[in-house]
Amino acid sequence: MKSYEYHKPKTIEEAISLMGSLEDAKFIAGGTDVMVLIKQKKISSKCMVSLRNIDGLAYIDTQNGLRIGSGTTHNTIDENGHIKRYYSALTDATSRLGSKQIRNVATIGGNICNAAPSADTACPLLALDAKAVIVGQNGSKTTSLDEFFLGPGKTILSKEELLKEFVMPLYGENTGSAYIKHTRRNAMDLPILGVATRITVSLPDENISRCKDMFCTIDSISNILERLKDEGVKCEDVMIAMGVVAPRPMRAKNAESVMKGKIVSSELFEEIGNIAAGEAQPRDSIRGEAWYRTEMIKVLVKRALIKSIDRVIRPDEAFYPERLW
Amino acid sequence: MKYEISFLLNNDKVTVEVDPVWTLLYTLREVFGLTGTKEGCGYGECGACTVIIDGQAVNSCIFPILEVEGRHVTTIEGVASKDGTMHPLQKAFVNEGAIQCGFCTPGMIMSAKALLDAKENPTEDEIKDAIEGNLCRCTGYVRIIDAIKSVSKGR
Ligand SMILES: Cc1cc2nc3c(=O)[nH]c(=O)nc-3n(C[C@H](O)[C@H](O)[C@H](O)COP(=O)(O)OP(=O)(O)OC[C@H]3O[C@@H](n4cnc5c(N)ncnc54)[C@H](O)[C@@H]3O)c2cc1C
Ligand code: FES
Ligand code: FES
């Protein structure tokens with residue numbers, strides 16, 4: 001391996017100006033992607049600019065929504081009870097990303113900037129409507145995460161720009177979210193397919209306890225959906241994000257707009273699954289073939305949506321006892 | 001270009017001249033001769049190289065050496081007492097038959113130690129979570145999980 005210079009700036013400004021002045025430099029955060037690429041000789045930058053020693057890149061701020069510093073490790077996110085309760089899709093991702101050893105060092109910023117189509121935190125962040133705050137030599141700007149990804153390994157960041165944090169809106173008691181990572185193995189596997197959803201529902205107060213009872217039965221999803229329809233559960237807002245189905249993590253925007261404002265029902269879910277599958281452009285790969293991914297989108301979009309609704313209706317039981325979805 | 005760094009290695013302060021491309025694993029084995037920490041895959045997949053940095057289990061094979069500056073690194077050599085008495089976890093692995101070829105064992109012990117140091121009485125799920133990044137090709141994991149359970153507090 002070729003040697004490189006290694007810089008450990010203490011502030012964001014210092015990091016950015018180093019990137020501007022050094023020739024052939026690359027940021028390294030937790031290094032779980034970068035170090036592997038260096039060892040595989042796929043990167044041979046002359047200079048590394050480490051983000052690990054910058055004060056104020058690793059934080060979780062839950063006042064008025066959610067802000068997560070790009071240098072926050074997956075493990076730190078995973079242990080945060082507020083995120084688990086109100087931004088559940090994110091915890092679904094961080095709890096199964098890599099191994100404990102990886103989660104202890106790998107950062108959420110690195111996961112997003114690496115821009116793999118399979119990046120586990122990408123779908124949850126998209127579905128949770130995250131904005132990315134980017135700092136460059138001319139100050140900072142905010143973009144929606146949807147505009148951030150350009151293709152595999154490609155983002156809108158220029159060399160000197162640093163991703164500072166993710167900002168998410170405040171979600172109330174009638175919003176739930178979920179991420180389903182579809183893998184062959186339970187641990188240490190990248191997704192064949194990933195689906196995240198966030199839904200805000202309205203339902204008449206007096207019907208809540210009946211809905212709760214429904215989720216505690218062993219009824220099929222379609223039966224539960226029919227009952228939710230009878231109780232008048234309405235989708236006020238929804239976002240659906242899919243990973244490993246296109247060159248970049250993407251939203252199923254047509255499916256979202258069809259669903260918005262409708263009463264939840266079995267037919268609606270069927271339709272939403274089909275529309276979302278139609279929006280994806282999966283490829284054949286060693287982890288799964290395109291037709292299989294298309295079929296599984298239909299299943300997983302439905303599951304993620306019902307899991308999200310389950311979390312609105314049974315917030316205390318959302319994680320245990322858990323139903324199949 | 002060489003850099004000089006200092007850190008705590010198994011409770012001893014060490015100062016060493018390193019090349020920034022070195023990983024912590026390389027430095028431990030080739031500079032300090034601490035060969036208890038193993039290299040399996042070299043890419044973060046197998047956990048054979050697990051060490052504890054400031055209380056957290058980490059894959060040393062993809063950890064840049066310059067990032068241990070000022071930090072506290074514990075390897076398998078630092079787990080037993082100075083007089084050679086084995087740590088309860090090490091005894092448990094022997095007693096429960098949790099070792100066959102032994103290649104995964106140092107990493108397993110480090111992951112288990114990080115867990116037990118943070119949580120005296122983990123659930124089985126928490127134990128599985130802690131060692132999900134440690135591959136063992138021999139034992140089938142059951143005895144490893146039993147060994148870790150046996151040293152949980154209150155058993
Ligand atoms: C064994 C193993 C298992 C894994 N399993 C999974 C998995 O299950 N799911 C998954 O999604 N990923 C997985 N990964 C990939 C990796 O761990 C994640 O993508 C991780 O979140 C990357 O974070 P990092 O801090 O290590 O990034 P780094 O490797 O430090 O950086 C990644 C990229 O982002 C850039 N970068 C980092 N931070 C910033 C910033 N603030 N601003 C601008 N650019 C930045 C770097 O220059 C680099 O290009 C795995 C990796 C390994 C080795
Ligand atoms: S050698 Fe480090 S994880 Fe395999
Ligand atoms: S005992 Fe042989 S790999 Fe675990």
Side-chain angles (χ1 to χ4, degrees), chain A residues 1-9 25-54 71 73-76 78-79 94-106 110 183 185-190 319-320 322, chain B residues 1-3 5 18-26 39-71 107-108 110-115 118-119 122-123 125-135 141:
Chain A
M1 272 178 289
K2 276 217 317 262
S3 192
Y4 40 71
E5 284 175 28
Y6 200 95
H7 298 267
K8 292 162 77 172
K26 188 163 180 64
F27 282 134
I28 177 170
T32 58
D33 281 314
V34 170
M35 290 299 284
V36 170
L37 291 170
I38 290 173
K39 285 187 136 190
Q40 293 173 337
K41 301 197 169 61
K42 289 182 185 157
I43 308 184
S44 55
S45 304
K46 288 197 188 117
C47 306
M48 288 293 160
V49 176
S50 166
L51 303 175
R52 208 187 293 249
N53 306 284
I54 295 178
T73 64
H74 298 301
N75 193 54
T76 308
D78 202 34
E79 288 175 347
T94 53
S95 62
R96 288 192 57 209
L97 193 152
S99 61
K100 190 78 175 173
Q101 291 96 316
I102 295 289
R103 293 193 289 274
N104 280 341
V105 296
T183 52
R185 302 179 70 232
N186 262 338
M188 287 293 275
D189 206 355
L190 293 175
F319 298 91
Y320 187 80
E322 193 154 16
Chain B
M1 194 172 168
K2 293 267 175 156
Y3 295 69
I5 60 165
V18 297
D19 187 304
V21 292
W22 291 357
T23 61
L24 172 57
L25 177 64
Y26 177 90
E39 173 155 26
C41 62
Y43 294 118
E45 303 274 351
C46 75
C49 65
T50 306
V51 300
I52 297 177
I53 303 181
D54 292 341
Q56 292 196 308
V58 162
N59 295 315
S60 63
C61 69
I62 51 172
F63 201 88
I65 185 62
L66 285 179
E67 298 293 348
V68 301
E69 180 159 27
R71 304 182 72 177
M108 284 285 181
M110 299 318 285
S111 287
K113 184 171 188 301
L115 171 70
K119 196 155 199 178
T123 62
D125 279 347
E126 285 167 334
I127 293 174
K128 287 184 178 167
D129 200 48
I131 60 167
E132 73 180 350
N134 294 81
L135 290 185
Y141 303 100

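Quantities reported herein were computed from a predicted structural model and do not represent experimental measurements. In what follows, every heavy atom counts, from backbone to side chain, and hydrogens, waters and symmetry copies are set aside.
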Worksheet entry | From CA spacing to verdict: side-chain hydrogen bond (donor to acceptor under 3.5 Å, both in side chains), B:E132, A:S99 | CA-CA 6 Å; B:E132 73 180 350; A:S99 61; over 6 Å; no
Discussion item. Side chain to side chain contact (heavy atoms under 4.5 Å, CB included) for A:M35 and B:Y43? Distances and angles first, verdict last.
Written reply: CA-CA 8 Å; A:M35 290 299 284; B:Y43 294 118; over 6 Å; no
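A 4.5 Å side-chain heavy-atom check between B:Q56 and A:N75 finds at least one atom pair inside the cut-off. A heavy-atom distance below 4.5 Å is found between the side chains of A:I102 and B:I62. Contact annotation: the side chain of A:I28 approaches that of B:P64 to within less than 4.5 Å [non-hydrogen atoms, C-beta and beyond]. Side-chain atoms of A:S50 and B:E67, non-hydrogen and from C-beta on, do get closer than 4.5 Å to each other.
Separation of atoms NZ (A:K39) and SG (B:C41) is listed at 7.5 Å; rounding is to 0.5 Å. Residue A:N104 holds its CG atom at 10.0 Å from CD1 of B:I52, rounded to the nearest 0.5 Å. A distance of 13.0 Å separates CG of B:N59 from NZ of A:K100, quoted to the nearest 0.5 Å. Rounding to the nearest 0.5 Å gives a distance of 11.0 Å between OG1 of A:T32 and CZ of B:F63. Rounding to the nearest 0.5 Å gives a distance of 10.5 Å between CZ of A:R52 and CG of B:L66.
The two residues B:G44 and A:M188 make their nearest non-hydrogen contact at O-CE, 3.8 Å. In terms of heavy atoms, A:S3 sits closest to B:D19 at OG-OD1, 2.8 Å. The shortest non-hydrogen separation linking B:V21 to A:K2 is CG1-O, 3.1 Å. B:S111 and A:Q101 get closest at one heavy-atom pair: OG-NE2, 3.3 Å.
Per-residue counts of heavy-atom pairs under 4.5 Å with chain A were compared for B:G47, B:A114, B:C61; the largest is that of B:C61.
The contact between A:V36 and chain B is made by backbone and side chain atoms together, counting heavy-atom distances below 4.5 Å. Both the backbone and the side chain of B:A57 come within less than 4.5 Å of a heavy atom in chain A. Only the side chain of A:K8 comes within contact range of chain B, judged by heavy atoms closer than 4.5 Å.
Counting non-hydrogen atoms of neighbouring residues, nucleotides and ligands closer than 6.0 angstrom, the NZ atom of B:K2 exceeds 12 such neighbours.
Ion pair A:R103/B:D129 flagged as a salt bridge, since at least one NZ, NE, NH1 or NH2 atom sits closer than 4.0 Å to an Asp/Glu carboxylate oxygen.
Side chain of B:Y3 to backbone of A:Y6: a donor-acceptor contact under 3.5 angstrom is found.
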